[in-house]
Amino acid sequence: MTLRYNIHDAKTHFSKLVAAVERGERVTICRNGEPVIECRPAAKPGKAYPFGIWAEQASKRDLADMDRPTDPADLDEMGL
């Protein structure tokens, strides 16, 4: 179900709009009767991995199997 609000009502009842979206409803905010914004629940965050690029690689294979630098010179260069 999609709820529709004009901008003034959306500002006045913002916390109610957020609660509706949290319940899984979609909310459309209109200006002069024309839809401008559609609010929907945000996607749940996936499994978080540290170290930036590892997050991309983790989707391809398990983090435990990833190659990690073990050469002391590489670790020293990285400040580890």
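- The shortest distance between side-chain heavy atoms of V36 and I29 does not fall below 4.5 Å.
- For the salt bridge (charged side-chain N to carboxylate O under 4.0 Å, His left out) test, no residue two or more places apart in sequence or in another chain qualifies with E34.
- The two residues P41 and G24 come nearest to each other via the heavy atoms CG-CA, 3.7 Å.
- Going from atom CG of L3 over to atom CZ of R26 covers 12.0 Å, rounded to the nearest 0.5 Å.
- Atom CG of D9 is separated from atom NZ of K16 by 10.5 Å, given to the nearest 0.5 angstrom.
- Counting only heavy atoms from C-beta outward, the side chains of Y5 and T28 never approach each other to under 4.5 Å.
- Atom CG of N6 sits about 9.5 Å away from atom NZ of K11, to the nearest 0.5 Å.
- Under the 4.5 Å side-chain heavy-atom criterion for Ile, Leu, Val, Met, Phe, Trp and Tyr, I37 and V21 are members of the same hydrophobic cluster.
- Side-chain atoms of R23 never come within 3.5 Å of backbone atoms of V18 as a donor-acceptor pair (strictly under, hydrogens ignored).
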